[in-house]
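Below: the structure, in structure tokens.
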Amino acid sequence: KIPLAAPTFSVLKGDGGAFATEGTDVLRKTLDFTRYFTIIDPATYLWDSAKDDITGAKINYQNWMTVGADLVVTGGVRVVRGGLELDMRLLDVFKGQVVLSKQYKGPTSELRSMVQQFCGEIMYYLTGSYGVIGSKIAFVSKQSTNVKNIYVVEFDGYKTRAVVANGSINLTPAWCSEGRRLAYTS
């Protein structure tokens, strides 16, 4: 596993403290879920998200080596006109440089999606594959003796929702080749 540090995102503009905290939590949980990383305990970081640079230009890479990080993910949050802008970077501690940098814009409700999109970019950078990040799972759940509904959930168990609940027995959900529609037997 790769030792990775993920300090709390910095607030770059607006009242984004809650978004910074939530975004950091999503990032840590998503990358931990992949089992490619060991997330280093934030209590050991020699970092202050309120004043330390997130761009990589003034990062003290030696501090990150001291806590055992091979990679560091920094993030910055701007709250603008009811939406969010995220600046995300992956830093390689040994190279002493930014190896991946992306910006995302969207409504505040899309914070989780934006952060997970960057997690997918990290996986692609390191492995050449996005892995399971962003995928969905379809499954059947028995509601009663004669009712089985089909549900969809994100790869990490978030946002379970019924997609077929017609009071019938619905079985064998399978994603169509384009990955957007479900085929099933009812």
Side-chain angles (χ1 to χ4, degrees), residues 2 4-37 39-40 42 45 47-56 59 71-91 98-139 141 149-165 173 175-182:
I2 301 169
L4 181 136
T8 302
F9 295 176
S10 299
V11 177
L12 305 175
K13 182 178 179 182
D15 186 21
F19 297 115
T21 301
E22 181 184 350
T24 305
D25 186 54
V26 169
L27 178 100
R28 289 176 185 156
K29 286 179 179 175
T30 301
L31 291 177
D32 186 53
F33 184 88
T34 69
R35 302 294 184 236
Y36 278 90
F37 305 96
I39 307 299
I40 297 172
Y45 298 173
W47 170 269
D48 180 352
S49 64
K51 64 180 181 178
D52 286 344
D53 174 53
I54 67 161
T55 66
I59 296 278
L71 298 171
V72 178
V73 177
T74 63
V77 177
R78 285 184 199 83
V79 179
V80 290
R81 290 179 248 122
L84 286 178
E85 293 179 2
L86 291 180
D87 291 343
M88 305 292 298
R89 289 176 178 77
L90 176 65
L91 313 170
V98 175
V99 292
L100 184 62
S101 179
K102 299 283 182 179
Q103 292 183 324
Y104 302 92
K105 294 179 183 182
T108 57
S109 62
E110 293 297 314
L111 172 66
R112 186 173 199 286
S113 175
M114 289 187 280
V115 171
Q116 286 187 334
Q117 191 172 352
F118 187 70
C119 291
E121 293 292 340
I122 292 171
M123 292 302 298
Y124 188 80
Y125 172 78
L126 295 171
T127 70
S129 169
Y130 290 98
V132 299
I133 296 173
S135 63
K136 293 183 176 20
I137 301 165
F139 64 95
S141 180
N149 294 332
I150 297 177
Y151 292 82
V152 171
V153 64
E154 291 184 15
F155 72 96
D156 58 356
Y158 186 78
K159 267 192 185 173
T160 302
R161 62 186 173 88
V163 293
V164 180
W175 293 103
C176 293
S177 60
E178 92 286 336
R180 293 184 185 165
R181 295 179 294 159
L182 273 175

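No hydrogens, no waters, no symmetry mates; every other heavy atom, side chains included, goes into these values.
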Do any N or O atoms from the side chain of [X] and from the backbone of [Y] form a donor-acceptor pair under 3.5 angstrom?
X	Y	result
S113	E110	no
E178	R181	yes
T21	G17	yes

Determine the minimum heavy-atom distance between [X] and [Y], stating which atoms define it.
X	Y	value
F37	D32	O-OD1, 4.1 Å
P173	I150	CB-CG2, 3.8 Å
V26	Q116	CG1-CG, 3.9 Å
L27	A6	CD2-CB, 3.5 Å
M114	L86	CB-CD1, 3.8 Å
T34	L31	OG1-O, 2.6 Å

[atom1]-[atom2] distance between [X] and [Y], expressed to the nearest 0.5 angstrom:
X	Y	atom1	atom2	answer
K159	K136	NZ	NZ	7.0 Å
L4	I39	CG	CD1	4.5 Å
Y130	M123	OH	CE	12.0 Å
R89	F118	CZ	CZ	9.0 Å
Q117	T30	CD	OG1	12.5 Å

### Message
The test is side-chain contact (heavy atoms from CB on, under 4.5 Å); show your working for K13 and V79 and say whether it passes.
### Response
CA-CA 6 Å; K13 182 178 179 182; V79 179; over 6 Å; no
### Query
Would E154 and R112 pass as an ion pair if we require N to O under 4.0 Å?
yes
### Query
Would L182 and V152 satisfy side-chain contact (heavy atoms from CB on, under 4.5 Å), going step by step from the backbone distance to the final call?
CA-CA 10 Å; L182 273 175; V152 171; 3.9 Å; yes
### Task
Check the pair I122, Y36 against side-chain contact (heavy atoms from CB on, under 4.5 Å), reporting the backbone distance first and the verdict last.
CA-CA 11 Å; I122 292 171; Y36 278 90; over 6 Å; no
What I'd like to find out is whether the side chain of [X] reaches to under 4.5 Å of the side chain of [Y], using heavy atoms alone.
X	Y	result
V98	L90	no
I40	Y45	yes
I2	L71	yes
P42	R28	yes
V11	R78	no
E85	Y104	no
R180	W175	no
T74	L91	yes

### Message
Ring of Y151, cation from R161 - is the NZ or CZ under 6.0 Å from the centre and inside 45° of the axis?
### Response
no
### Query
Taking the six-membered ring for Trp, is the centroid-to-centroid distance between F9 and F19 below 6.0 Å?
no
### Message
Would you say OH of Y124 has more than 12 non-hydrogen atoms from neighbouring residues, nucleotides or ligands within 6.0 angstrom?
### Response
no
